[in-house]
Structures are given as structure tokens and as C-alpha cells.
Chemist: 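Here you go, one structure.
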Amino acid sequence: AQTPFISQNFNNIQFFNPASVGFGSYNRFSTIYRSQFTSVGRPYKTIGMNLDFGFLKNDGADMNNIGFGIQGLSEQILDGILQTNSMTATLADRVFFDDARTTYLSLGIGATFVNRTIDYSSLIFGDEFTSGRLLNATSMEVLNNNFSKNSLNVGFLFSRNNYTSFFQLGMSSYFIGRSTGYNTTNDSARVSPLYEFSQVLGQLNYEKLFSGNKTLMIHANYQNRYENEFVYAGAAIGIPFNESYESTNRMYVGCFYRTKDAVVPYIGLLLNKYKLGITYDIYNNDMTAANLRPQTFEFTLSTYFGKRRNE
């Protein structure tokens with residue numbers, strides 16, 4: 001996959017839509033750590049980092065139109081025996097629809113390089129019995145231990161922001177050139193690289209102030225990844241505490257649902273310029289029917305830095 005399979009998409013839209021980078025009051029850094037299925041070993045771990053900022057930003061009254069971002073992602077299986085590492089560079093531009101510049105449409109494009117490695121020293125392939133015959137111990141070694149692919153991603157994002165509400169609606173897609181991952185000396189068995197649209201993603205983010213400076217946050221996204229299609233949606237309430245004129249502090253409590261997969265409780269903290277989030281996936285799929293109790297925790301952290309600019 002070119003985008004991480006995570007539960008806090010609303011805190012990390014930069015990994016999903018290139019049109020979202022660089023358009024805040026400050027430069028931004030965010031990170032993801034997701035440990036999946038920990039109760040059945042440590043089969044899957046995701047680590048991601050994002051840095052985005054206003055490119056050629058203005059110091060005057062005008063708002064910056066250009067955003068730039070870099071995203072790094074590492075997905076590790078079985079303590080890193082199989083690793084998929086990617087690096088993405090994204091560029092976005094936006095067009096304003098009003099004089100106050102609170103409503104705009106941004107367009108983004110990104111390029112990704114993906115490298116996948118297999119640590120053969122940690123794997124042992126014994127003889128296999130298949131269809132009435134034994135396969136020798138080298139039968140699995142036709143897999144490349146190091147191969148790469150690339151992708152081009154595009155997206156758009158409509159945004160409307162003011163002092164009491166925040167709204168985003170967007171879509172993105174990935175065009176991927178990928179190899180099969182096989183390596184054999186038999187020319188007739190080689191398969192040509194595949195070039196195809198593999199992912200379509202839609203995102204909705206909304207947050208609004210209401211009674212007592214509380215906020216209601218709503219998030220929904222649709223993802224279509226090869227044969228995997230799902231909707232992820234839910235809401236959270238933001239409750240202020242220890243706020244001042246110069247500091248915004250808020251605690252978020254909410255719950256989300258991924259169709260045919262999991263219910264996801266969420267707790268978040270906004271501490272002025274820092275935002276932390278924790279989720280725990282409660283699965284309701286075939287794994288729980290098989291008496292497996294997978295535990296998946298996810299932690300996100302984001303902050304801003306640099307000189308304040310107009311949004």
C-alpha cells in the first residue's frame with residue numbers, strides 16, 4: 001500500500017492527500033506509531049513521519065499559496081523480517097474563493113519511491129508437500145530479497161475555515177508501477193511490471209464549536225485498495241480545560257468504526273501547539289471468531305513550529 005493503514009486518518013491527512021500539505025498558520029511535524037496484532041506476537045508495525053510547510057510564504061498580509069511536504073513511512077512485519085519503506089515528496093497549490101480567504105480549493109501532486117526488503121537470514125524454508133510431491137528447500141527462494149516500485153499520487157481538497165468551524169472534503173488516488181517480486185532464471189516465468197490505479201481515497205473532516213467552547217469533531221473516509229474496500233467514520237467531543245488567551249487545551253473523547261473490521265475508541269489531547277492521539281482497535285472480524293484476540297494500539301503526535309503566518 002502507498003498510504004498507511006491507520007485509525008487516526010483525521011490527525012494525519014498529509015499521508016493520504018497531497019493537497020493538504022503546507023496550509024496552516026505554522027510549519028508542521030507529525031508522526032505515527034501503530035503496533036498491530038500484538039497479542040499474537042509482533043507481526044505488524046507501522047512508523048511514519050511527516051514534515052510540511054509553506055513554500056515561498058509571504059511575510060505580509062497575503063497568505064501563502066504553495067505548500068510542500070515530505071512523508072516517510074516504514075511498515076515492518078515479524079520484527080522487520082519483511083520491511084516496506086517509502087519516501088514521498090508532495091507539492092500543493094490553492095485557489096481562494098472569497099476576499100477573506102477562508103474558502104479555497106487546493107490541488108496536490110506527489111511522487112513516492114518504495115523499497116521492500118526480506119531478511120533471508122531470519123527465514124528457514126523446509127521441504128513442502130504440495131499436490132502429492134515434495135518441493136526442495138530452495139523452492140521459496142524465487143522471491144526477491146530487495147525490490148522497489150514507484151507511484152504518482154494526485155488529490156484535491158476543498159476547505160472552509162473560520163473562528164467557529166473547520167471543514168475539509170477531498171479525494172486522492174494513486175497510480176502505481178509495481179513489480180511482482182519474483183526473480184527466476186526462467187524467462188517464460190517472468191511477469192511484466194504492472195502499472196495501475198490501485199487506491200482511491202475520499203476524506204471528510206469537520207469540527208465546530210458549541211456550548212461552553214466545546215467542539216464536535218466528525219471524520220469519515222472511504223478507501224478502495226485493490227480488493228479491500230471499506231468506510232471508516234465516527235465522531236469525538238472536544239472538552240476544554242485550563243484554557244487562556246494564548247493557550248488552547250482540549251481533551252477529545254470519541255469512537256470510530258471501520259466497516260466489517262473494528263470499533264475504534266479514541267482519546268486525544270490538544271496542548272496548545274501539541275496534539276496527541278491514542279486509539280485501540282476492537283476487532284469484530286474473522287480473527288475474533290477464530291478465538292484470536294488481536295490487540296492494536298496507535299499513537300500519533302503532531303506539533304507546529306516556525307514563524308506564524310496567515311493561513
Side-chain angles (χ1 to χ4, degrees), residues 3-17 19-20 23-24 28 30-34 36 46 48 50 102-103 155-172 200-225 228-243 248-285 288 295-303 311:
T3 56
F5 189 87
I6 63 175
S7 296
Q8 297 181 57
N9 314 61
F10 44 87
N11 285 334
N12 296 279
I13 190 174
Q14 296 79 24
F15 288 95
F16 296 88
N17 193 328
S20 64
F23 300 139
R28 177 172 42 195
S30 59
T31 184
I32 309 166
Y33 177 82
R34 179 178 174 89
Q36 196 165 339
T46 301
N50 164 76
T102 59
T103 305
F156 74 87
L157 189 67
F158 174 81
S159 302
R160 176 175 292 170
N161 310 323
N162 55 45
Y163 291 109
T164 61
S165 66
F166 170 80
F167 175 81
Q168 287 182 328
L169 179 65
M171 181 172 289
S172 58
V200 177
L201 304 98
Q203 308 97 3
L204 167 68
N205 291 308
Y206 177 73
E207 188 166 4
K208 183 175 178 59
L209 282 170
F210 69 100
S211 174
N213 211 29
K214 300 181 183 68
T215 65
L216 171 65
M217 182 191 75
I218 297 174
H219 170 78
N221 72 74
Y222 164 80
Q223 299 190 38
N224 188 327
R225 304 167 173 241
N228 189 6
E229 182 180 21
F230 62 87
V231 174
Y232 183 77
I237 297 293
I239 304 170
F241 66 94
N242 295 336
E243 286 194 312
T248 300
N249 301 315
R250 192 172 289 130
M251 179 177 182
Y252 290 88
V253 179
C255 191
F256 298 84
Y257 175 68
R258 187 183 303 113
T259 54
K260 301 179 182 179
D261 188 42
V263 175
V264 184
Y266 165 70
I267 296 177
L269 284 176
L270 175 62
L271 303 172
N272 198 18
K273 67 177 184 177
Y274 297 98
K275 190 169 186 179
L276 301 88
I278 298 175
T279 54
Y280 175 76
D281 292 20
I282 303 173
Y283 291 95
N284 57 0
N285 53 25
T288 55
Q295 297 180 11
T296 297
F297 295 91
E298 181 178 304
F299 174 78
T300 64
L301 169 66
S302 61
T303 187
E311 295 188 10

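Computation of the quantities below employed the complete heavy-atom set of this structure, encompassing side-chain atoms and omitting hydrogens, waters and symmetry-equivalent molecules.
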Chemist: So, using side chain to side chain contact (heavy atoms under 4.5 Å, CB included) as the criterion, who are the partners of I237 when residues are at least two apart?
Modeler: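 Expected list: F210, L216, I239.
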Chemist: For T259 and V231, indicate whether the former's side chain and the latter's backbone hold a donor-acceptor pair under 3.5 Å.
Modeler: yes
Chemist: Less than 4.5 Å apart, any side-chain heavy atom of Y206 and any of M217?
Modeler: no
Chemist: Could I get the full list of side chain to side chain contact (heavy atoms under 4.5 Å, CB included) partners for F158, not counting sequence neighbours?
Modeler: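 Testing F158 for side chain to side chain contact (heavy atoms under 4.5 Å, CB included), a comparison that skips the adjacent residues, returns F97, T103, L105, R160, F167.
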Chemist: Using a 3.5 Å distance criterion without hydrogens, assess whether the side chain of N205 forms a donor-acceptor pair with backbone atoms of Q168.
Modeler: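 No; judged by distance alone, with no hydrogens or angles, the pair does not exist.
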Chemist: Under a 4.5 Å cut-off applied to non-hydrogen side-chain atoms, are R28 and T303 in contact?
Modeler: no
Chemist: Can you see whether T296 engages Y283 through a side-chain donor-acceptor pair at a distance of less than 3.5 angstrom?
Modeler: yes
Chemist: Please walk me through it: do L276 and L271 pass side-chain contact (heavy atoms from CB on, under 4.5 Å)?
Modeler: CA-CA 8 Å; L276 301 88; L271 303 172; 4.2 Å; yes
Chemist: Partners of R34 by salt bridge (Lys or Arg N to Asp or Glu O under 4.0 Å), sequence neighbours excluded?
Modeler: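 Here the qualifying residues are D281, E298.
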Chemist: For S165, which residues count as a side-chain hydrogen bond (donor to acceptor under 3.5 Å, both in side chains) partner, sequence neighbours excluded?
Modeler: N162
Chemist: Of all heavy-atom pairs between C255 and V263, which one has the smallest distance, and what is that distance?
Modeler: SG-CG1, 3.5 Å
Chemist: Which residue pairs pass the ring-ring contact (aromatic ring centres under 6.0 Å, His included) test with at least one member in residues 254-276, sequence neighbours excluded?
Modeler: F10-F256, F10-Y266, Y232-F256
Chemist: Set out, in order, the CA-CA distance, both residues' side-chain angles and the distance that settles side-chain contact (heavy atoms from CB on, under 4.5 Å) for I6 and N12, then state yes or no.
Modeler: CA-CA 9 Å; I6 63 175; N12 296 279; 4.2 Å; yes
Chemist: For G212 and P240, work out which heavy atoms get closest and say how close.
Modeler: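 In this case the closest contact between G212 and P240 is O-CG, 3.6 Å.
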Chemist: With sequence neighbours left out, what residues match P265 under side chain to side chain contact (heavy atoms under 4.5 Å, CB included)?
Modeler: I282
Chemist: Compute whether any side-chain donor of one residue and acceptor of the other, for Y222 and E229, lie under 3.5 angstrom apart.
Modeler: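 Judged by distance alone, the side chains do pair up.
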Chemist: Tell me every residue that passes side-chain hydrogen bond (donor to acceptor under 3.5 Å, both in side chains) with N221, counting only those two or more places apart in sequence or in another chain.
Modeler: H219, Q223
Chemist: Just jot down the side-chain hydrogen bond (donor to acceptor under 3.5 Å, both in side chains) partners of T248, sequence neighbours excluded, or say none.
Modeler: none
Chemist: Are N11 and K275 close enough, and set up right, to give a side-chain contact (heavy atoms from CB on, under 4.5 Å), and what steps lead you there?
Modeler: CA-CA 9 Å; N11 285 334; K275 190 169 186 179; 3.5 Å; yes
Chemist: With rounding to the nearest 0.5 angstrom, report the OG to CG distance, S172 to L201.
Modeler: 4.5 Å
Chemist: Nearest 0.5 Å, please: how far is NZ in K273 from OG in S302?
Modeler: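 Between atom OG of S302 and atom NZ of K273 there are 12.0 Å.
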Chemist: For E207, enumerate each residue passing the salt bridge (Lys or Arg N to Asp or Glu O under 4.0 Å) test, keeping only those at least two apart in sequence or located in another chain.
Modeler: none
Chemist: Pairing donors with acceptors under 3.5 angstrom, does anything connect the side chains of T300 and Q8?
Modeler: yes
Chemist: Do you see a donor-acceptor pair shorter than 3.5 Å between the side chains of Q203 and N9?
Modeler: no
Chemist: Take F241 and M251 through the side-chain contact (heavy atoms from CB on, under 4.5 Å) test and state the conclusion after the steps.
Modeler: CA-CA 8 Å; F241 66 94; M251 179 177 182; 4.2 Å; yes
Chemist: Quick one: does any side-chain atom of N17 pair with a main-chain N or O of G170 as donor and acceptor, under 3.5 Å?
Modeler: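 Pair absent, no side-chain N/O of N17 close to backbone of G170.
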Chemist: Please find out if less than 6.0 Å separates the ring center of F297 from that of Y280.
Modeler: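 Here the rings of Y280 and F297 have centres that are less than 6.0 Å from each other.
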Chemist: Taking side-chain hydrogen bond (donor to acceptor under 3.5 Å, both in side chains) as the test, write out the residues that go with T46, two or more places apart.
Modeler: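 For T46, no residue satisfies side-chain hydrogen bond (donor to acceptor under 3.5 Å, both in side chains) once neighbours in sequence are set aside.
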Chemist: Just verifying a value: how many Å separate L270 CG and Y252 OH, rounded to the nearest 0.5 Å?
Modeler: 5.5 Å
Chemist: With sequence neighbours left out, write down each residue that passes side chain to side chain contact (heavy atoms under 4.5 Å, CB included) with Y163, or none if nothing qualifies.
Modeler: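 Not a single residue meets the side chain to side chain contact (heavy atoms under 4.5 Å, CB included) criterion with Y163.
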